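Worksheet: the structure to be examined is printed underneath.
Please read all numbers here as calculations on a predicted model, not as lab measurements.
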Protein chains: 2
Amino acid sequence: MPTSHQQRSTSARYQVLLTALQLFTRKGYFNTSMRDITGQSAVSTGSVYHYFKDKEGIAAALFHGLIDRMRAELQQIMRSNETAHDQCRAVMTLLFRIADAEPEVMAFMLYVKHREFLPAERPICSSEPFEMMRAMVQRGMDRGEIERQDVMVASSCLFGGAIRIITSELDGILDRPLNEYLDAVWVCSWRAVAVR
Amino acid sequence: MPTSHQQRSTSARYQVLLTALQLFTRKGYFNTSMRDITGQSAVSTGSVYHYFKDKEGIAAALFHGLIDRMRAELQQIMRSNETAHDQCRAVMTLLFRIADAEPEVMAFMLYVKHREFLPAERPICSSEPFEMMRAMVQRGMDRGEIERQDVMVASSCLFGGAIRIITSELDGILDRPLNEYLDAVWVCSWRAVAVR
DNA sequence: GTCTATACGACGATAGAC
DNA sequence: GTCTATCGTCGTATAGAC
């Protein structure tokens, strides 16, 4: 149970993370100075360095928070859907929903080059959430829902279209709201991998 | 016809571009200092600034050279293939070939966040080569080869799988050589958009 | 055109009072 | 925990000789 100054603390920490997410995705990590972060978050230099070791530490906290959140959401999807078809469809819906409601989160996941400033991290497509998506596809093949073939090929073809159109949305080159594309992308993508 | 010192000049300029391409894709634009470039290319600071206005100018020259090259290759493909099917298949083959033979070129095209250091440029997916790919898809719909629907959806689903697996290759998470995936990716991707 | 030496600004990070 | 003031480093870009 947080005391009042712990609440204030977590709130300051949270403000920094929120500001950093915005600035890192809008201007890029290297174009964002600590002065930008302290200024926009209204948290002083000293406090920022109290909560985070350094600038990279802010990015790392953001990155791991994001991975954890995605893992939790994917686990929920795996639990509450029986078929691989329904699981994968739910994943694509989730991706579109996050891109729509929290574009910075999606940009940080898909669009930001983490390894340039988090050299210790593995590429995001070998992170646990992406592995869980591949596991869903593998299960679809074992259950006879998805044509049996290399799991990287099937995963790339099943989710590649969605990722591309979400990237287009983040680049601002889509005419209509993103969610209007979901059904059509799903139909095409599933047709690419489903058993004939 | 180049004189001897023009050859030396273009060679120095070329060395800088070659070095910059390697360093920008390996370490990232912001992690590459002008000292890195002068050191590895063995071209002095003064000469680099003789050929390029500033560091951003090097990146811009690289970027525009790449766009021009891709436009030329895509035009060649459009001329020498009759059906949209054959054109799109040739494009995918080209992408795999470049990723295999010149991974830095593909990384600079797909993987580098140009807008972080070239703020004036439009996102690469609204650049002319990407527009040409969408034009091929549109033509496939007009010819009755591709199911008629939103061109962004069809393009994303047709090329999204290839782009994803190429990105995976650049991240080093593929088991087998990239070219072994081409046929399977093409079959899935075409099935996603072809008329039934 | 090519080179070396250097100016100058910006940035990340720290010190130390409260 | 929070704040302000400041330090040292590093990176880009320029000056000016050859």
**Study point:** Nearest-nucleotide 5' precedence on DNA chain C, A:Y29 against A:G46
**Key:** A:Y29
Practice item. Answer with base, sugar-phosphate or nothing: what part of the nucleic acid does B:T38 contact at a heavy-atom distance below 4.0 Å? Key: nothing
Can you check the [X] [atom1] to [N] [atom2] distance for me, whole Å?
| X | N | atom1 | atom2 | value |
| --- | --- | --- | --- | --- |
| A:I37 | C:dA13 | CD1 | P | 10 Å |
| B:Q15 | C:dT2 | CD | P | 12 Å |
| B:F52 | C:dG1 | CZ | P | 13 Å |
| B:E56 | D:dG11 | CD | P | 18 Å |
| A:K27 | C:dC11 | NZ | C1' | 13 Å |
| A:M34 | C:dC11 | CE | C1' | 10 Å |
| B:F30 | C:dA10 | CZ | C1' | 14 Å |
| B:D54 | D:dT12 | CG | C1' | 9 Å |

Exercise for review: Quickly, which of B:T167, B:D171, B:T25 forms a side chain to side chain donor-acceptor pair (under 3.5 Å) with B:Y111? Name it, please.
Suggested key: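 Looking at B:T167, B:D171, B:T25, the match for B:Y111 under the side chain to side chain donor-acceptor pair (under 3.5 Å) is B:D171.
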Quick check on [N]: is either OP1 or OP2 less than 4.0 Å from any side-chain nitrogen or oxygen of [X]?
| X | N | answer |
| --- | --- | --- |
| A:S44 | D:dT2 | no |
| A:Y49 | D:dT2 | no |
| B:S47 | C:dG1 | no |
| A:H50 | D:dT2 | no |

Review point. Should the pair B:R71-B:D68 be classified as a salt bridge under the 4.0 Å nitrogen-to-oxygen rule?
Key: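 Salt bridge between B:R71 and B:D68, a charged N being under 4.0 Å from a carboxylate O: yes.
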Check your understanding: Salt bridge or not for A:R69 and A:E102, using N-O below 4.0 Å?
Key ->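 Salt bridge between A:R69 and A:E102, a charged N being under 4.0 Å from a carboxylate O: yes.
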Of all the nucleotides listed ([options]), which has the minimum atom distance to the side chain of [X]?
| X | options | value |
| --- | --- | --- |
| B:T45 | C:dT2, C:dT14, D:dT14 | D:dT14 |
| B:Y51 | D:dA13, C:dT2, D:dT12 | C:dT2 |
| B:K55 | D:dT12, D:dC3, C:dG12 | D:dT12 |

Review point. Who are the ring-ring contact (aromatic ring centres under 6.0 Å, His included) partners of B:F52, not counting sequence neighbours?
Key: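 So B:F52 forms no ring-ring contact (aromatic ring centres under 6.0 Å, His included) with any residue.
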Check your understanding: Should the ring pair A:F108 and A:F24 be called parallel, tilted or perpendicular, given that the plane angle runs from 0 to 90° and is split at 30 and 60?
Key ->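 A:F108 and A:F24: parallel rings.
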Check your understanding: Toward the 5' end of DNA chain D, which comes first, A:V43 or A:R35, by nearest nucleotide?
Key -> A:V43
